[in-house]
Amino acid sequence: MVFDGNLSLKVYDLLKKIPRGKVTTYSEIAKVLGNMNLARAVGNTLNRNPDLVSVPCYRVVRSDGSVGGYKLGCGKKIELLESEGVEIKDGRIDCLEAYLFCFKGQ
DNA sequence: ACGACGGCCCTCG
DNA sequence: ACGAGGGCCGTCG
């Protein structure tokens with residue numbers, strides 16, 4: 001398994017639960033994992049483990065709504081999100097609340 | 001074991 | 001609204 005790290009396992013698991021057309025944020029994941037400061041580590045992990053097929057990394061955006069980064073380029077990320085129905089304006093999601101997926105209670 | 005980055009976040013001028 | 005600074009965490013060389 002390429003999922004050696006403990007963190008990546010959890011992150012990946014969460015991402016798999018996100019339905020098409022929905023997104024989440026690095027901080028949300030971090031919170032769910034217990035520590036909001038994990039946000040940076042989460043991004044780092046996703047970057048080092050670009051399992052683009054098994055995990056929809058592109059469904060993770062920044063807390064302010066901006067798409068954030070992507071291993072294959074933020075442009076590609078935006079492209080993918082839009083193809084799922086997420087409206088992005090100037091590299092930013094207008095109504096993040098509308099697309100944000102809630103892990104809490106899942 | 002150590003230091004340096006990174007798909008970040010939040011607060012304060 | 002915008003920019004700068006500080007902080008915390010994991011992975012890689």
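Below, read A as the first sequence line, B as the second, and so on, with proteins coming before strands; counting in each chain starts at 1.
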Query raised in the report: Just checking Val42(A): base, sugar-phosphate only, or nothing, at a heavy-atom cut-off of under 4.0 Å?
Result: nothing
Query raised in the report: Leu9(A) has an atom CG; how far is it from atom C1' of dG10(C), in whole Å?
Result: 14 Å
**Report entry** Residue pair Ile93(A), Val86(A): steps toward the side chain to side chain contact (heavy atoms under 4.5 Å, CB included) verdict
**Finding:** CA-CA 8 Å; Ile93(A) 299 178; Val86(A) 180; 4.0 Å; yes
Query raised in the report: Roughly, in whole Å, what's the span from CG in Leu33(A) to C1' in dC8(B)?
Result: 14 Å
Query raised in the report: For residues Asn44(A) and Arg48(A), is any side-chain donor paired with an opposing acceptor at under 3.5 Å?
Result: yes
Query raised in the report: Roughly how many Å is it from CG in Asn44(A) to P in dC12(C), rounded to a whole number?
Result: 8 Å
Requested in this report: Round to the nearest Å and state the distance from Leu46(A) atom CG to dC12(C) atom P.
Outcome: 13 Å
Report task. Find the distance Asp64(A):CG to dC8(B):C1' and express it as a whole number of Å. Result -> 10 Å
Query - Nearest atoms (heavy-atom pairs only) where Cys57(A) meets Leu46(A) - result: SG-CD2, 4.4 Å
Contacts under 3.5 Å, N or O only, protein and nucleotides 6-8 of chain C:
from, atom 1, to, atom 2, distance (Å)
dG7(C), O6, Arg40(A), NH2, 2.1
dG7(C), N1, Arg40(A), NH2, 2.1
dC8(C), O4', Asn37(A), ND2, 3.3
dC8(C), N3, Arg40(A), NH1, 3.4
dC8(C), N4, Arg40(A), NH1, 2.8
dC8(C), N4, Arg40(A), NH2, 3.4

**Report entry** Under-4.0 Å side-chain N/O to phosphate OP1/OP2 contact, Arg48(A) with dC12(C)
**Finding:** no
Query raised in the report: Under 3.5 Å, is there a donor-acceptor pair between the side chain of Lys77(A) and the main chain of Gly69(A)?
Result: yes
Query raised in the report: For DNA chain C, what string of dots and brackets results from 5' to 3' when Watson-Crick and G-U pairs need both distances under 3.5 Å, crossing pairs get [ ], and pairs with another strand get |?
Result: .||||||.|||||
Query raised in the report: Taking 4.0 angstrom as the limit, do Glu84(A) and Lys22(A) come out as a salt bridge?
Result: no
Report task. Verify, without hydrogens or angle tests, whether Asn35(A) (side chain) and Asn37(A) (backbone) share a donor-acceptor contact under 3.5 angstrom. Result -> yes
Can you give me the N/O atom pairs linking the protein to nucleotides 10-13 of chain B at distances under 3.5 Å, or say none if there are none?
from, atom 1, to, atom 2, distance (Å)
dC10(B), OP2, Ser63(A), OG, 3.3

Query raised in the report: Touch check for Ala41(A), heavy atoms < 4.0 angstrom, all strands: base, sugar-phosphate only, or nothing?
Result: base
**Report entry** Nucleotide dC12(C), atom P - distance to CG of Leu7(A) in whole Å
**Finding:** 12 Å
Query raised in the report: Between Lys17(A) (side chain) and Phe103(A) (backbone), is there a donor-acceptor pair under 3.5 Å?
Result: no
Query raised in the report: Can you check whether Glu79(A) reaches Lys76(A) side chain to side chain, under 4.5 Å on heavy atoms?
Result: yes
Report summary line: Smallest heavy-atom separation, Ile88(A) atom then Glu82(A) atom, equals O-OE2, 3.7 Å
Query raised in the report: Would a distance-only check, ignoring hydrogens and angles, find a side-chain to backbone donor-acceptor pair under 3.5 Å from Thr45(A) to Ala41(A)?
Result: yes
Query - Heavy atoms of other groups near Glu87(A) CD, more than 12 under 6.0 Å - result: no
